[in-house]
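Before any comments, here is the structure.
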Number of protein chains: 2
Amino acid sequence: MTRASAAGTHAMRAQIELRERILSGELPGGMRLFEVALAEQLEISRTPIREAMSHLAEEGLLERVRGGGFRVRSFAFDDVMDAIELRGVMEGTAARLAAERGAEPAALAEMQRLLADLDKCFGAEPGEVDFEAYSEHNSRFHAALAALPGRRMIEREVARATQLPFASPSAFLPDNARLAAFRLSLNVAQEQHHALIEAIEARQGARAEAIAREHARAAQRNLRHIFSDDRALIPRVPGLGLVTQP
Amino acid sequence: MTRASAAGTHAMRAQIELRERILSGELPGGMRLFEVALAEQLEISRTPIREAMSHLAEEGLLERVRGGGFRVRSFAFDDVMDAIELRGVMEGTAARLAAERGAEPAALAEMQRLLADLDKCFGAEPGEVDFEAYSEHNSRFHAALAALPGRRMIEREVARATQLPFASPSAFLPDNARLAAFRLSLNVAQEQHHALIEAIEARQGARAEAIAREHARAAQRNLRHIFSDDRALIPRVPGLGLVTQP
DNA sequence: CGCCACGGGTTTGCATACAATTGTTCTTGC
DNA sequence: GCAAGAACAATTGTATGCAAACCCGTGGCG
């Protein structure tokens, strides 16, 4: 070996490189990945390639093929809808448990701080939003929500449910900035953030769970809109490129 | 290769062997696994060992350690409670979606058949149950429930939630046969099975979801009972050996 | 006409040697 | 006495060659 590359080990670099190629659609869903071919392309040996593919299978982007090897996992429209539904279910469970069992005061104070950060992203005029900042703080808010019950199993499994790129809470944010309708929908989303924390503080478990689920359904609406009316946006939303077109 | 072992590849055999050692408690939670040591013990090279450990990490029994390598995942009592809660949440989601979206008539007929099979496990006297058969049919029932919405993403993720041995729908069945209280609780469980299918057929999504969740909470009660009153049973329930004692 | 056996090419499975990295312990200087 | 650093040991990371399994086409035979 000449030298370890920037991103630590060769396996890590391969993992990052392959992830990019999958998300960009360069390696389309259903395609089988051959170790030797990839090893030649990335100019490393088969061993770190296998390691990288194994990680990507854990991540949900690859699936193991009967008889050995991997193939790029393919997602139909329904799969994406279900993944978002499950994200809502898992975040809803975290919210409910935080309400039922009671969250740490310090953690709740942190949620209030994150809410305030999100509020600051909205300007005076309706439709005036700092998207970069909103997206950033939104991710933090959802991560903190998963940790709110103070249970590592919950936090871990919520993180897993938000792992696929199109199931992430910020999946439909950055690139839809242009559309006025999407901009206004952020006011609704932020209202839901406030109601969610209010419900948790009031120990209203069922309400908190329902709000979190409904919050995720906004992403389902965005997805449906993109696929039925605005397919030009598909390549602009991260991970949507690997959804098989009907 | 000298001898192809019974279970296909060496990696598979190693995976099975390691899984057994973890579940039996021979490799306790938190213990780091070293490739060379295991390779010598199992008389194979490091390569299939790594492959096996990677699979077990996907399965949730191992976790990757910072700086490389694996360690046996350790589960506290709370983790097991949460895993069962999440199993209930996921099965509840499958039940709700089956009710809301409507399941295939053929699939519903199959559920009725599985219900009848379970009914047949109960004898005339109260407390007279064929445990072997009940356990078997119970697994089938829960697997079919996950498939009822007809969505592969749902089926896959429910399967994942039932994957840890103590989170499985049959985890507390076989070895608790001795205790009369457990035997009687099976009547309650079977009543819930019936109500669940009734709710799904009547398109009562919220009811179906609530029943499935409550159904899982019986396992939580069993777990609590075992840990507070009957710790002698701990080694007899699969996977409970790897729960760290408080 | 269909089925099975066989062959060759393709791909993964496995072992092994060596490199790189990490963690640890001992030393040395202050 | 303590901290910084250097040598060392332990462990994983990587490359590579060979073996085995698999896939697919082809030809022989029932």
Side-chain angles (χ1 to χ4, degrees), chain A residues 1-22 26-59 61-74, chain B residues 1-22 26-59 61-74:
Chain A
M1 261 292 312
T2 53
R3 210 186 71 77
S5 51
T9 66
H10 283 179
M12 278 187 216
R13 190 166 65 86
Q15 189 184 349
I16 291 170
E17 179 67 27
L18 287 177
R19 188 191 292 120
E20 269 174 17
R21 293 194 189 181
I22 292 167
E26 185 182 338
L27 298 174
M31 182 181 212
R32 179 139 179 221
L33 298 185
F34 296 114
E35 297 174 0
V36 276
L38 291 173
E40 279 169 18
Q41 282 179 41
L42 302 185
E43 297 179 285
I44 56 181
S45 79
R46 287 167 53 209
T47 312
I49 293 279
R50 288 173 73 108
E51 179 73 13
M53 294 200 293
S54 172
H55 277 262
L56 289 169
E58 251 176 274
E59 203 173 317
L61 291 179
L62 296 183
E63 57 190 0
R64 295 185 193 264
V65 155
R66 185 193 70 86
F70 297 83
R71 121 182 94 208
V72 180
R73 199 165 154 204
S74 85
Chain B
M1 269 287 314
T2 53
R3 67 194 197 288
S5 51
T9 66
H10 283 180
M12 277 186 217
R13 191 167 64 86
Q15 189 185 346
I16 292 169
E17 179 67 27
L18 287 176
R19 187 191 292 120
E20 269 175 19
R21 294 195 189 181
I22 293 167
E26 185 183 338
L27 298 174
M31 182 182 213
R32 182 149 176 211
L33 300 186
F34 297 114
E35 298 174 1
V36 276
L38 291 174
E40 278 168 18
Q41 282 180 42
L42 303 185
E43 297 179 287
I44 56 181
S45 79
R46 286 169 53 209
T47 313
I49 294 281
R50 287 172 73 106
E51 179 73 12
M53 293 199 295
S54 170
H55 277 260
L56 289 169
E58 255 178 89
E59 203 173 317
L61 291 178
L62 297 182
E63 58 190 359
R64 294 185 192 264
V65 161
R66 185 195 72 86
F70 297 83
R71 125 182 88 208
V72 180
R73 200 165 153 203
S74 84

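Below, chains carry the letters A, B, ... as their sequence lines are ordered, and counting in each starts from 1. Everything numeric in this text was worked out from a predicted model, so none of it was measured.
Nucleotides of DNA chain C nearest to A:T47 and A:M53 differ in position, and the one nearer the 5' end is that of A:M53. Comparing B:V36 and A:S45, the nucleotide of DNA chain D nearest to each residue sits closer to the 5' end for B:V36. Heavy-atom nearest nucleotides on DNA chain D were determined for B:R46 and for A:R66, and the one closer to the 5' end corresponds to B:R46. When each of B:R32 and A:G67 is assigned the nucleotide of DNA chain C with its nearest heavy atom, A:G67 is the one assigned upstream, toward the 5' end.
Between B:H10 and D:dA20, a side-chain N or O to OP1/OP2 separation shorter than 4.0 Å is absent.
Between A:E51 and A:T9, every side-chain heavy-atom pair lies at or beyond the 4.5 Å cut-off.
Per the geometry, CD1 belonging to A:I44 stands 11 Å off C1' belonging to D:dA15, to the nearest Å. Counting to the nearest Å, the P atom of C:dT16 and the CD atom of B:E40 are 12 Å from each other. In this structure, CG of B:L38 is placed 17 Å from P of D:dA10, rounded to the nearest angstrom. Atom CZ of A:R50 and atom P of D:dG13 are 15 Å apart (whole Å). Residue B:I49 contributes atom CD1, which lies 15 Å from atom P of C:dG13 at whole-angstrom precision. Residue B:E43 contributes atom CD, which lies 12 Å from atom P of C:dT16 at whole-angstrom precision. One interatomic measurement links the two molecules: CZ of B:R13 to P of C:dG13, which rounds to 16 Å at whole-angstrom precision. In this structure, B:R71 places its CZ atom 12 Å from P of C:dG23, rounding to the nearest Å.
When distances run from any side-chain atom of A:T9 to the nucleotides D:dT12, C:dC14, D:dT14, the shortest one goes to D:dT14.
Atom-to-atom distance recorded for A:E58:CD and A:L61:CG is 12.0 Å, nearest 0.5 angstrom. Separation of atoms CE (B:M31) and CD (B:E26) is listed at 9.0 Å; rounding is to 0.5 Å. With rounding to the nearest 0.5 Å, the separation of CZ in B:R64 from NE2 in A:H55 is 3.5 Å. Put simply, CG on A:L18 and CD1 on A:I49 are 6.0 Å apart, with the number rounded to the nearest 0.5 Å.
Within the 4.0 angstrom heavy-atom criterion, only backbone atoms of the sugar-phosphate kind lie near B:L33; the bases stay farther away.
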